[in-house]
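Working notes for the structure below.
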There are 2 protein chains.
Amino acid sequence: MELEKVRPKSGRAVKMTDIARIAGVSSSTVSRALADHPTIPEATRNTIQALAREHGYVVNRAARNLRQSQTQTIAVAVPLGHEREQLISDPFFLRLFGHLADEISQRRYDILLVREPSPDAHWLGRLVQSQRADGFIIVGQSDQHQALNLAARDYRPLVVFGSELPDQIYCSVGSDNFEGGRLATDHLLRSGRRRILFLGPAELPQIDLRLDGYRQAIGDHGLSVDESFVLPAHFTGPSAHDAVRDLLARGVEFDGIFAASDGIALSAIRALESAGKRCPADVSVVGFDDSDLASQSHPALTTVRQDFPGIAATIVDHLFRRLDGEGTYSSTLPVNLVLRESAPDR
Amino acid sequence: MELEKVRPKSGRAVKMTDIARIAGVSSSTVSRALADHPTIPEATRNTIQALAREHGYVVNRAARNLRQSQTQTIAVAVPLGHEREQLISDPFFLRLFGHLADEISQRRYDILLVREPSPDAHWLGRLVQSQRADGFIIVGQSDQHQALNLAARDYRPLVVFGSELPDQIYCSVGSDNFEGGRLATDHLLRSGRRRILFLGPAELPQIDLRLDGYRQAIGDHGLSVDESFVLPAHFTGPSAHDAVRDLLARGVEFDGIFAASDGIALSAIRALESAGKRCPADVSVVGFDDSDLASQSHPALTTVRQDFPGIAATIVDHLFRRLDGEGTYSSTLPVNLVLRESAPDR
DNA sequence: GCGGTTTACGCAATCGATTGCGCAGTTGTC
DNA sequence: GACAACTGCGCAATCGATTGCGTAAACCGC
């Protein structure tokens, strides 16, 4: 009964001119009254607002967006460059996305999630041009470095989740991946481990930095890196498990693993256990992220914690500063090592 | 250098009339050429499309949305009725959202995430009227039943994640919560447990159905429900932990717990352990959802698995059928019990 | 070579709200 | 009482693409 007003019998949606007619004013006045424009006296404003509420009138956002060239919407864009699978339901992405969404919606903006299945050099330019959002957050720096640089040349409200890379001109926010890798490896070394594997997709910029930190720590301890201990592994799928299994089958000796994610770490531990090795008795393992799994798994995972809420808050803060016309520099946020059972202190 | 074309020196975005002028045709022709309209001969079409590509032209979506009254966008809306916290970063919601987003983006639609911080009876009507999306998925049936019914009276492309309730006129999709509760409780009873707690927020419709299943199973075994064993607990926070702790402190005896979520189950297990009880030796525990945590926790959680990909696929399928003008009935998807350590078979 | 059909494309209205400018009418000042 | 300033509000242009209708040119058959 109440809703009848929202969609009158005609089936036609109530629009601004309808309210104007009923109120006996022009649509300009209605527009200004609803926007709390000060040139409309309070009495008129209240009357019109009451009328609009009563008739269930809501501003047509498509029309407003067109006229104002802005949308009160922030887009989170995901290029699916090398990952052919469905990236959106990936837990890591979702965790970051959740915090981003919280931050954005607190600022009363809506969130548009856009997935680009076939990114080329111009996908971001196209997206930006389409006027679907006022600002953009890109998750998936990976192989998009050039496309990002291209788009950032003349488009400002754009922030990228990722590492700061040498020749980048866009604004990025991410964890201190180098220090994370260094911390993790240093911890393993200090606890007496000497033959430490690196497991992860080093072709991704953020992961490559973790690998750099791994190398640094090993060097700092006066050791040298055995390149055959640097193993490629994907975040999902069996590659990490298989890599460890194969190594054990070949009789290679090692006593520590630094994995580029908690998921990879858990896969590795499972591979160790099926080969009869114990973690941490025989092999200590350190993960990365401090995902929900890390504290619940068995053994609980020693891991490098990324500050997701902080990262999301920083990304969104930078983005809104850029919307206000400010410039912002890339940020690198600190990480810290969370000690649990899989790589105890000693 | 390439991107110069995307935003010409003037700073003004390329628009359709620009392409039209360059191509020596009218904007109508450009519009139709880009839309692969058959009345435009292939040669002209190709020329115009090439020109558009070369100049980095992209259709302004705000203008198109206004003219066509459609947006190629599905909104996922979250009313934050009783939960004052930030619901979006909640893992349960994100998991469902991820699968929804995968399904929607596969259909080449964008996803708009809208959070309504202060839902009243008309929030959905307002949202629908605002023309920001072509269809709506509502997550958070909880205390919104009346608002949903109100909106569904005359708005069709709307699907709700939740249970089928007695007087509902909207289309909902959800798990068979009743059967889940029955299965979980029946399993505990069959394995010899007799004094079984229910832990969960029974004020939510979906949870209340799980409680009904719990009662049914107990009745089926010829026992009667001890109402003091039905305990309120929230999904987050310490309420589940505290409830179990208090019960143990009062010396109440029990040997089984059916928790309305995996998170609640894990809280309960932690409370048991800090009181010196063992799970499953002293108390068997069954959770709900089969979240990522369930298989990794220690002890691994016996739980009722909800088919998230299936739920998401069904929701989106129903929604698109409704967009095509079809009617759809509410769906209830099967659940199944996953046996792990926290409540073994015997 | 002529009527009729088809082809190719342009004109102008339209979607619905926003906003610069300007006009009445009122108030204020000396 | 004359002129200026201000108040309250409407006119009409505008945002940029889409689309129904119309028309000129090309084409066809006989």
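All heavy atoms count here, side chains included; hydrogens, waters and symmetry mates do not. Numbers restart at 1 for each chain; the letters A, B, ... are given by sequence-line order, proteins then strands.
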Inset, instruction - For residues 311-331 of chain A, pull every pair meeting side chain to side chain donor-acceptor pair (under 3.5 Å), keeping only residues two or more places apart or in separate chains. - result: A:Gln168-A:Ser330, A:Ser172-A:Ser330, A:Asp317-A:Arg321, A:His318-A:Ser331, A:Arg321-A:Glu326, A:Arg322-A:Thr328
Legend entry - Pair A:Asp18-A:Tyr57, side-chain contact (heavy atoms from CB on, under 4.5 Å): steps then yes or no: CA-CA 9 Å; A:Asp18 296 330; A:Tyr57 171 73; over 6 Å; no
Inset, instruction - In whole angstrom, give the distance that lies between atom CD of B:Gln72 and atom C1' of D:dA17. - result: 15 Å
Legend entry - Nucleic acid footprint by protein, nucleotides 6-16 of chain D - heavy-atom cut-off 4.0 Å, B for base, S for sugar-phosphate alone: --SSBBBBBBB
Inset, instruction - Send over the distance from B:Leu34 CG to C:dC9 P, rounded to a whole Å. - result: 14 Å
Legend entry - Whole angstrom value for the distance that separates P of D:dT18 from CD1 of B:Ile19: 13 Å
Legend entry - Protein-nucleotide distance (B:Glu42, atom CD; C:dT7, atom P), rounded to Å: 15 Å
Inset, instruction - Take the C1' atoms of the five end pairs on each side of the helix from C:dG1-D:dC30 to C:dC30-D:dG1, derive the two axes, and give their angle rounded to 10 degrees. - result: 30°
Legend entry - B:Asn46 CG to C:dA8 P, straight-line distance once rounded to whole Å: 14 Å
Legend entry - Heavy-atom pair of closest approach, residues B:His145 and B:Leu165: ND1-CD1, 3.4 Å
Inset, instruction - Measure the shortest side-chain to side-chain distance between B:Leu112 and A:Leu113 over non-hydrogen atoms and say whether it is less than 4.5 angstrom. - result: no
Legend entry - Centroid-centroid under 6.0 Å between B:Phe161 and B:Phe308 rings: no
